[in-house]
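Written below as structure tokens is the structure these notes are about.
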Amino acid sequence: MSSETSSTGAPRGRPRSDQVDQAILHAASALLSERGLGAMTIEDVAARAGVGKASIYRRWPTKGTLALDAFLIEFLTQQPPVDKGTLEDDLREALSQWSATVVGTPTGRALVGLVAEAQLDGDLAQGWIERVMTPVRVQHRAMVDRAIGRGEIPAQSDVDVIMDLLYGAAYHRLLQGHLEITPGFIELVARVVAEGAKAGAAISSK
């Protein structure tokens, strides 16, 4: 008999319950919105979800990785693909969507907490790259590819540099809190990045 099956032929171990998963995620999402990551505890999540702490730790090794999954429920659905016809318009729309999602919202407060926690939690840091940064970059790469296809910017333009210039300024204001993220700021950043790309300033840095 295989060590992976019981005498009845069924897989060993307790099957993962989607219902339990969803209860935990919704509890974590609610607590993130109400209290922020710093004040959220696994004990509180377990109590609100009606499960034991062990049920959470079997699924998520740290508070940060649980918070990331709860955060993604809202965040990625609010970042749909854009196609406005020009690079500048695409950049403006993408940054406007991001701003509407995170500026002065529970989602934004969760984002700030996750970025801070990722400096201490290696699993969360890796998850952040794989599940937030990478899919968003893949989605936004289409904006740059279209701009190259239209002849707006050089064929060798570095997508990562363009995205870093666009979102780097916005994340800086969100995390530091020294200046507001306003429609005027979004307009200016999109214009500067698009014009820089057209001029060849973002040609491959490799």
Side-chain angles (χ1 to χ4, degrees), residues 25 29 65 67-116 118-119 122-206:
L25 285 170
S29 179
T65 54
L68 176 60
D69 277 0
F71 168 79
L72 287 172
I73 294 173
E74 297 292 332
F75 181 74
L76 291 181
T77 60
Q78 297 179 56
Q79 310 299 306
V82 299
D83 186 357
K84 294 292 185 177
T86 70
L87 179 61
E88 182 177 335
D89 289 343
D90 282 351
L91 296 177
R92 183 190 306 109
E93 180 65 15
L95 194 54
S96 295
Q97 290 178 354
W98 178 88
S99 174
T101 303
V102 304
V103 174
T105 67
T107 300
R109 290 191 291 275
L111 185 153
V112 171
L114 285 164
V115 170
Q119 312 312 305
D123 289 334
L124 173 58
Q126 187 63 32
W128 183 263
I129 293 171
E130 293 176 353
R131 304 188 60 205
V132 180
M133 298 299 294
T134 298
V136 169
R137 293 257 171 158
V138 168
Q139 178 174 297
H140 289 338
R141 180 175 294 274
M143 297 189 300
V144 180
D145 289 342
R146 288 195 303 267
I148 291 172
R150 289 189 296 260
E152 283 186 76
I153 61 177
Q156 299 81 18
S157 295
D158 191 315
V159 179
D160 289 322
V161 169
I162 292 172
M163 291 299 101
D164 283 344
L165 290 171
L166 181 70
Y167 284 101
Y171 268 95
H172 183 62
R173 289 199 176 192
L174 181 71
L175 297 175
Q176 302 294 341
H178 61 299
L179 291 169
E180 294 183 357
I181 298 173
T182 64
F185 166 78
I186 292 170
E187 179 84 23
L188 181 58
V189 169
R191 184 182 311 128
V192 168
V193 173
E195 291 301 320
K198 291 175 186 177
I203 289 177
S204 177
S205 61
K206 300 179 177 63

So CG of L25 and CD1 of I73: to nearest 0.5 Å the spacing works out to 4.5 Å
Quick one: does Q176's side chain have a donor or acceptor within less than 3.5 Å of a partner on Y171's backbone?
no
Quick one: pull up CD1 in I148 and CD in E152 and give me the separation to the nearest 0.5 Å.
10.5 Å
Once the angle between the rings of W98 and Y167 is folded into 0 to 90°, is it parallel (under 30°), tilted (30 to 60°) or perpendicular (over 60°)?
perpendicular
Is a donor on one side and an acceptor on the other found under 3.5 Å between the side chain of S96 and the backbone of R92?
yes
Quick one: CD1 on I162 to CG on L91, what's the gap to the nearest 0.5 Å?
7.5 Å
Which heavy atom of L114 sits nearest to which heavy atom of A67, and what is that distance?
CD2-CB, 3.8 Å
E74-S29 side chain donor-acceptor pair, cut-off 3.5 Å
no
Would you compute the distance between atom CG of L95 and atom CG of L166 and round it to the nearest 0.5 angstrom?
5.0 Å
Test log, rule side-chain contact (heavy atoms from CB on, under 4.5 Å), inputs L68 and V132:
CA-CA 9 Å; L68 176 60; V132 180; 3.8 Å; yes
Let's go through D89 and T86 carefully: what are the C-alpha distance in whole Å and the side-chain angles of both, what is the deciding distance for side-chain contact (heavy atoms from CB on, under 4.5 Å) to 0.1 Å, and is it a yes or a no?
CA-CA 5 Å; D89 289 343; T86 70; 3.1 Å; yes
Mind listing the closest non-hydrogen atom pair of I186 and S99 along with its distance?
CD1-CB, 3.7 Å
Whether the side chain of D90 engages the backbone of M143 through a donor-acceptor N/O pair (distance < 3.5 Å, no angle test) should be reported.
no
NE2 of H140 to CD of Q79: how many Å apart, nearest 0.5 Å?
6.5 Å
Minimum heavy-atom distance between F71 and A110, given as atom pair plus value:
CD1-CB, 3.9 Å
Test log, rule side-chain contact (heavy atoms from CB on, under 4.5 Å), inputs E88 and E195
CA-CA 8 Å; E88 182 177 335; E195 291 301 320; 4.3 Å; yes
In terms of side-chain geometry, is the basic nitrogen of E187 or R191 positioned less than 4.0 Å from the acidic oxygen of its partner?
yes
Salt bridge check: are R137 and D164 linked by an N-O gap of less than 4.0 Å?
yes
What are the two closest heavy atoms between A118 and A125, and how far apart are they?
O-CB, 3.5 Å
Looking at R173 and E180, does any basic side-chain N land under 4.0 Å from a carboxylate oxygen?
no
For the CG atom of L87 and the NZ atom of K198, what is their distance to the nearest 0.5 Å?
7.0 Å
Start with the C-alpha distance between L111 and W128, add both sets of side-chain angles, then the distance that settles side-chain contact (heavy atoms from CB on, under 4.5 Å), and finish with yes or no.
CA-CA 10 Å; L111 185 153; W128 183 263; 4.0 Å; yes
Measure from the side-chain N and O atoms of T101 to the backbone N and O of F75, and report whether any donor-acceptor pair falls under 3.5 Å.
no
For G200 and P154, the nearest pair of non-hydrogen atoms, with its separation, is CA-CG, 3.9 Å
